[in-house]
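Read the structure below first, then the notes.
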Amino acid sequence: MTYLDDILKSRRDTRHFTTDEVPDEVIEKALQAGHWAPSVGLTDATRYYLIKSGEVKKAIKDLFLDYNKKAESLTDNPEQKEHYKSLKLEAIEEAPIGLIIAYDRSVLNQFTIGTVGSNEAVKFSSVCAAQNIWLSLTEQGYGMGWVSILNYHQFKKILDLPENIEPLGYFCVGKPATNYNNQPMLQQLHWKQKSEAPICSEITNVTESYISDLKLKSETKVQHRNDFSKLLQEKIDSKTKPIGSLGTLETLAFQMATVFESLSPKIINPNIVVFAADHGIANHGVSAYPQDVTRQMVGNFLEGGAAINVFCKQNNIELSIVDAGVNYDFPTNANLINAKIAKGTQSFLHAPAMSDTELQLCFEKGKSIVDDIAKSGSNCIGFGEMGIGNTSTASVLMSLLTGFSIEDCVGKGTGVEDEKLLQKQEFLKSAIANYSGQAELKEQLAYFGGFEIIQMASGMLTAYENKMLILVDGFICSVAFLIASKINPEIIKNAVFCHCSAEKAHQKLLQYLNAKPILNLDLRLGEGTGCAIAFPILKSAEAFLNDMASFESAGVSRK
């Protein structure tokens with residue numbers, strides 16, 4: 001066994017440290033080793049922060065302990081839970097030095113070779129740097145432990161790290177107090193055994209991957225339903241009320257019955273689908289929140305803690321979460337629909353957000369998701385979204401597809417301040433000016449679109465084909481509907497616009513679509529919350545049409 005093999009085999013995640021100080025030259029040598037690590041596109045994006053302050057270490061340890069309680073609850077096995085509590089999973093205060101290894105995602109503001117497939121390639125480079133540091137410390141007789149059980153948003157906040165700096169975690173550095181018989185600690189403590197050999201399989205065949213051409217025009221059969229409409233209107237007018245006195249409820253009842261092709265329409269298995277994805281444009285600071293919030297919020301959806309979870313539960317609505325392109329790998333057993341196209345789009349400042357193939361995949365994925373929901377018996381589907389930076393994407397698409405100025409289409413999104421709003425407008429104006437492509441829908445969608453927005457547009461078109469009632473949420477979802485309506489204008493017959501959001505652009509877009517929203521509650525949350533909140537009103541429309549007495553049945557004289 002060579003000397004390098006010895007170092008590789010003895011590199012362990014150190015959790016127990018002696019009180020020995022770490023000489024400056026040891027850290028300097030280790031950081032230099034990290035600097036020698038491969039860097040995608042020569043971005044040189046890895047950043048380091050040293051921590052020796054006891055006060056700072058304590059703040060990080062408190063943050064760890066708070067999040068560690070959450071980790072303990074992730075297993076339902078009582079024995080495993082107790083075993084987990086007994087493990088010493090951190091040495092934040094005991095280790096002489098704390099090290100933060102991070103990457104600067106602002107390097108993505110410029111075109112970077114090697115990041116087209118995934119923005120996370122920059123992160124992977126920093127992981128290579130972390131490994132080099134680990135090996136260097138091991139060779140010098142020292143060790144390092146990786147603490148990742150942290151709320152990263154709070155972690156950055158308490159350390160006042162810049163918004164564009166994304167830490168891999170907190171690393172403890174010092175002299176190892178034990179080598180665990182040259183085994184990983186978790187293996188020595190019988191938590192889990194490491195496999196004896198690497199898992200490697202040879203791939204010998206290519207699997208055909210067929211992607212159908214995107215059809216931008218849907219064929220619709222225009223049916224003359226004058227007799228049905230006349231009977232339906234007579235049923236509505238015969239209820240024990242003055243004609244038109246239930247206002248919007250009468251309009252909704254007429255629409256619902258027409259979509260379902262029944263004089264006694266009933267909503268069956270309602271489902272709200274939240275599509276989540278990341279946007280390369282978020283790397284330019286167009287949002288008040290860091291991009292990782294997309295991933296965090298999807299986790300919140302899956303754990304039942306978000307507003308949409310609460311409102312769906314309140315109204316007995318099925319909730320489906322779709323990973324359309326989040327910049328994160330969720331566990332394979334997560335209760336979500338995997339429709340990931342890529343880990344976020346590219347920034348459309350200088351290059352297309354997605355390729356033609358990715359655009360076509362979005363349409364296929366959106367169609368497949370809604371087809372499956374329709375097959376489950378659902379005839380009512382609501383659309384929601386989550387994606388930091390997606391108001392910028394939606395604003396540009398709205399401007400291109402309606403002809404409105406970008407100023408009329410840009411809002412505060414997640415809450416950017418007035419000065420930043422002006423910067424956002426100028427930034428998006430520059431992005432549109434940089435576009436030299438054709439004024440064709442397909443090209444515009446590929447250049448500026450978001451994965452979740454296009455999948456929603458496709459899903460709405462599919463819902464129309466399946467004769468489903470389509471519930472449209474706020475600004476982002478209305479832009480998805482705008483796209484769908486450009487492909488098939490008939491879709492407006494099935495659409496219910498649930499609310500008018502606080503985004504001024506949404507109000508203008510609704511006017512453009514000649515859409516009358518049900519609610520106006522100054523909502524600007526997204527997630528499909530407007531659909532869930534408006535749903536009881538739809539049920540009221542259903543109830544009056546089906547259950548309210550007519551003049552004849554009640555023996556009440558008409559006017």
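- Between the Asp66 side chain and the Asp62 main chain, no donor and acceptor come within less than 3.5 Å of each other.
- For the 3.5 Å distance criterion, the side chains of Glu94 and His16 fail to qualify, holding no donor opposite an acceptor.
- For the side-chain contact (heavy atoms from CB on, under 4.5 Å) with Lys175, the qualifying choice from Thr19, Thr18, Thr14 is Thr18, the only one to do so.
- Between Thr345 and Gly450, the shortest heavy-atom contact is CG2-CA, 4.2 Å.
- When every heavy atom of Met456 is checked against every heavy atom of Cys477, the shortest pair comes out as SD-SG, 3.6 Å.
- A donor-acceptor pair under 3.5 Å is formed between the side chain of Thr294 and the backbone N or O of Ile388.
- The minimum heavy-atom distance between Ala130 and Leu168, with the atom names listed, is CB-CD1, 4.5 Å.
- Remark: the Lys424 side chain and the Ser395 side chain contain no N/O donor-acceptor pair separated by less than 3.5 Å.
- With salt bridges taken as basic N to acidic carboxylate O contacts below 4.0 Å, one links Lys343 and Asp329.
- Taking a 6.0 Å sphere around CG of Asn335, one finds it holds 12 or fewer heavy atoms contributed by other residues, nucleotides or ligands.
- Phe275 places none of its side-chain heavy atoms less than 4.5 Å from the side chain of Asn390.
- Looking at every heavy atom in both residues, Ala324 comes nearest to Phe451 through O-CB, 3.5 Å.
- Ring to ring, Tyr170 and Phe64 are not that close: their centroids are 6.0 angstrom or more apart.
- Between Glu385 and Gln455, the closest side-chain pair of non-hydrogen atoms is not below 4.5 Å.
- None of Leu336, Ile369, Ile337, Asp372 except one satisfies the side-chain contact (heavy atoms from CB on, under 4.5 Å) rule with Ser320; the exception is Ile337.
- For the pair Met354/Leu361, no side-chain contact is recorded, criterion being any heavy-atom separation below 4.5 Å from C-beta on.
- With no hydrogens or angles considered, no side-chain donor-acceptor pair links Ser368 and Glu364 at under 3.5 Å.
- Sorted by first and then second residue, the salt bridge (charged side-chain N to carboxylate O under 4.0 Å, His left out) pairs with a member in residues 130-142 read Lys29-Glu139; sequence neighbours excluded.
- By the 30° and 60° cut-offs, the orientation of the rings of Trp146 relative to Phe171 is tilted.
- The pair Glu426-Lys429 meets the salt-bridge criterion, since a charged nitrogen lies less than 4.0 angstrom from a carboxylate oxygen.
- Closest non-hydrogen pair, Leu397 versus Gln444, comes out as CD2-O, 4.1 Å.
- Considering every non-hydrogen atom in both Ala394 and Ile476, the closest pair reads CB-CD1, 3.8 Å.
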